[in-house]
Amino acid sequence: MTSSDLTEYELRGEQEASEEEKLSEECKDLLLSLPREKGWTSHYLYLFQGFWCTADRIPCINTFMNQFQAKDSDVVVASLQKSGTTWLKALTFAIMYRQCFTSFENHPLLTSNPHKLVLSFEFDIYGNNRDQISHQSNMIDPRIFSTHIPFHALANSIKESHCKIVYICRNLFDTFISTWIFMNKVKSEYLPILTLEEAFEMFSKGIIPFGPWWNHMLGYWKESIATPHKVLFLKYEDLKEDVNFHVRRFAEFLGCPFTQEEESNGVIESIIKLCSFEMMKNLEVNKFGAIVKNLENKYFFRKAEIGDWENYLSPLMVEKLSKIIEDKLRGSGLSFRVHSSI
């Protein structure tokens, strides 16, 4: 790290300290008691409720855990970051609300980013925005929410109700590369760029937002086995391989299967096309819009390819992460297909 980088890093630390001053005294005391590690987009990540998160998310998550009241008709889209979340949000919205729109030519997904249509508990609804919290009562049923929070830390009302949870995960090699590139784009200007090697070490140790990744995936995986009527577990690669099959399966799980008439009229194919990477990436709203400052819509549409990690990881990195994956997932029944030409 150069002296210039050190100055920027220290400046960012001062900026974050200023942000933390806005937290309640109770939250400040809590931060002092929590383990912390170097962050990806912030100075630090804190180990809160068994997973890593930034200081500003802790009060939001705490409020969500204690206050959110789920309805049996609710649908929650869950994932680790950079695992196919944007695609799954789009598909969920299009499938659930397909009766609300007479034509795909004026569909909301053509003019709004999926993250604006399906709001997150920790970033939007409880993200220090009281208007969004009150907005819940005005949402039409069925309501759709999203989250990166691990299963064990979800509000009890979600776990105890009959609402549905759809979880998507991705091959860990691609997840890592996508996370690294994305985080370097959205990080504070005061933080130095995370090198591939630095990020790889952090990812290998499970130090990522809402991680460790193995606990995150296994929590939803085990629940999908125990309660398959409540949790649907999807793999990004499977969805890419046969999207038509999985969209049908998805709709059935949500309790709104496609009718014979819909199938004959090509509704499934229209939804798949509407939510496709090619379609969404080329929309004006996703080329120039932004969710919030430093988080441009275009950042959510990079390549959507399987195996892009082969362009970045060394053979030693592949070997190391492969061993970690094998060790962490051993005996769970969860596995990923990995092909390497390296």
Side-chain angles (χ1 to χ4, degrees), residues 34-42 44-54 57 61 76-88 120-123 146-154 165-184 186-187 194 196-225 231-239 302 306-309 312-313 317-338 340:
L34 298 176
R36 71 181 189 183
E37 293 285 351
K38 180 180 178 181
W40 292 67
T41 60
S42 60
Y44 295 112
L45 283 175
Y46 293 86
L47 190 63
F48 173 68
Q49 295 290 335
F51 62 95
W52 297 101
C53 61
T54 55
R57 290 306 100 198
I61 293 170
V76 179
V77 174
S79 65
L80 275 172
Q81 291 176 297
K82 310 314 298 171
S83 296
T85 310
T86 307
W87 192 16
L88 189 60
S120 159
F121 288 127
E122 61 272 19
F123 292 108
S146 74
T147 190
H148 293 308
I149 297 172
F151 181 82
H152 75 268
L154 293 177
I165 299 173
V166 185
Y167 183 81
I168 191 167
C169 63
R170 190 180 186 186
N171 178 291
L172 273 306
F173 295 93
D174 280 326
T175 299
F176 163 63
I177 292 300
S178 188
T179 298
W180 171 59
I181 293 174
F182 179 80
M183 295 298 187
N184 271 335
V186 304
K187 71 174 185 58
L194 264 181
L196 179 67
E197 292 73 21
E198 286 178 303
F200 183 79
E201 287 305 309
M202 294 163 70
F203 189 85
S204 297
K205 295 175 182 176
I207 303 171
I208 60 171
F210 306 98
W213 47 261
W214 53 84
N215 287 345
H216 200 287
M217 293 192 301
L218 288 175
Y220 285 97
W221 170 251
K222 291 176 180 177
E223 197 61 30
S224 73
I225 295 173
V231 181
L232 177 65
F233 193 97
L234 296 172
K235 294 179 183 178
Y236 181 84
E237 293 76 18
D238 292 344
L239 195 57
R302 190 176 69 90
I306 297 173
D308 185 47
W309 59 268
Y312 297 89
L313 300 182
M317 287 177 168
V318 173
E319 181 181 6
K320 179 175 180 177
L321 187 53
S322 295
K323 288 180 179 178
I324 294 172
I325 294 171
E326 181 181 1
D327 178 61
K328 297 300 183 181
L329 302 186
R330 182 179 293 115
S332 67
L334 177 61
S335 62
F336 295 89
R337 291 172 292 168
V338 178
S340 176

Exercise. If you measure from CE on Met217 to CD1 on Ile325, what distance do you get to the nearest 0.5 Å?
Worked result: 7.0 Å
For this session: Taking all heavy atoms of Leu234 and all of Leu88, pick out the closest pair and write down the distance.
Result: CD1-CD1, 3.9 Å
Seminar exercise, completed: Contacts of His216 meeting ring-ring contact (aromatic ring centres under 6.0 Å, His included) (sequence neighbours excluded), chain-then-number -> Tyr167, Tyr220
Problem set entry | Within-4.5 Å side-chain heavy-atom neighbours: His152 and Asn215 | no
Exercise. What's the shortest heavy-atom distance between Ser204 and Trp214, and which atoms?
Worked result: O-CZ3, 3.8 Å
Problem set entry | Nearest heavy-atom neighbours spanning Phe200 and Met317 | CZ-O, 3.2 Å
Exercise. Once you round to the nearest 0.5 Å, how far does CZ of Phe173 lie from CZ of Phe203?
Worked result: 9.5 Å
Exercise. Which word best sums up how the rings of His148 and Phe210 line up, parallel for under 30°, tilted for 30 to 60°, or perpendicular for over 60°?
Worked result: tilted
Problem set entry | Spacing of NZ belonging to Lys82 relative to CG belonging to Asp174, to within rounding of 0.5 Å | 12.0 Å
Exercise. What about Trp87 and Tyr236, are their ring centers closer than 6.0 Å?
Worked result: yes
Exercise. Taking side chain as C-beta onward, heavy atoms only, is Trp309 less than 4.5 Å from Ser178?
Worked result: no
For this session: Run the numbers on Leu329 and Trp221 for side-chain contact (heavy atoms from CB on, under 4.5 Å), then give the verdict.
Result: CA-CA 11 Å; Leu329 302 186; Trp221 170 251; over 6 Å; no
Problem set entry | Residue list, side chain to side chain donor-acceptor pair (under 3.5 Å) with Thr175, at least two apart or on another chain | none
Exercise. Yes or no on side-chain contact (heavy atoms from CB on, under 4.5 Å) for Ile149 and Gln49, after CA distance, side-chain angles and deciding distance?
Worked result: CA-CA 10 Å; Ile149 297 172; Gln49 295 290 335; over 6 Å; no
For this session: With the side chain counted from C-beta on, respond yes when Pro209 and Met183 share a heavy-atom pair under 4.5 Å apart, and no when they do not.
Result: yes
Problem set entry | Note, Thr179 side chain near Leu80 side chain (heavy atom, < 4.5 Å) | no
Seminar exercise, completed: For Ser322 and Val318, the nearest pair of non-hydrogen atoms, with its separation, is OG-O, 2.6 Å
For this session: Determine yes or no for a side-chain-to-main-chain donor-acceptor pair under 3.5 angstrom, with Lys235 supplying the side chain and Ser335 the backbone.
Result: yes
For this session: Evaluate the criterion side-chain contact (heavy atoms from CB on, under 4.5 Å) for residue pair Leu154 and Ile165; output intermediate values, then yes/no.
Result: CA-CA 11 Å; Leu154 293 177; Ile165 299 173; 3.9 Å; yes
Seminar exercise, completed: Closest non-hydrogen atoms of Tyr312 and Trp180, given as atom of the first, atom of the second and distance, are CD2-CZ3, 3.9 Å
Exercise. If you round to the nearest 0.5 Å, how far is CZ of Arg57 from OG of Ser120?
Worked result: 8.0 Å
Problem set entry | Polar side chain donor-acceptor pair, Glu122 to Thr147, under 3.5 angstrom | yes
Exercise. side-chain contact (heavy atoms from CB on, under 4.5 Å) between Phe121 and Val76: does it pass, once the steps are laid out?
Worked result: CA-CA 10 Å; Phe121 288 127; Val76 179; 4.1 Å; yes
For this session: May I ask you to test the Leu45-Thr54 pair for a side-chain heavy-atom distance under 4.5 Å?
Result: yes
Seminar exercise, completed: To the nearest 0.5 Å, atom CZ of Phe336 lies from atom CG of Asn171 at 7.0 Å
Exercise. Are any of the side-chain nitrogens in Glu37 or Lys205 under 4.0 Å away from the carboxylate oxygens of its partner?
Worked result: no
Problem set entry | Thr41 OG1 to Gln81 CD distance, which is reported to the nearest 0.5 Å | 8.0 Å
Exercise. Between Leu47 and Leu34, which heavy-atom pair has the shortest distance, and what is it?
Worked result: O-CD2, 3.3 Å
For this session: Would you mind reporting whether Phe176 and Leu196 have side-chain heavy atoms less than 4.5 Å apart?
Result: yes
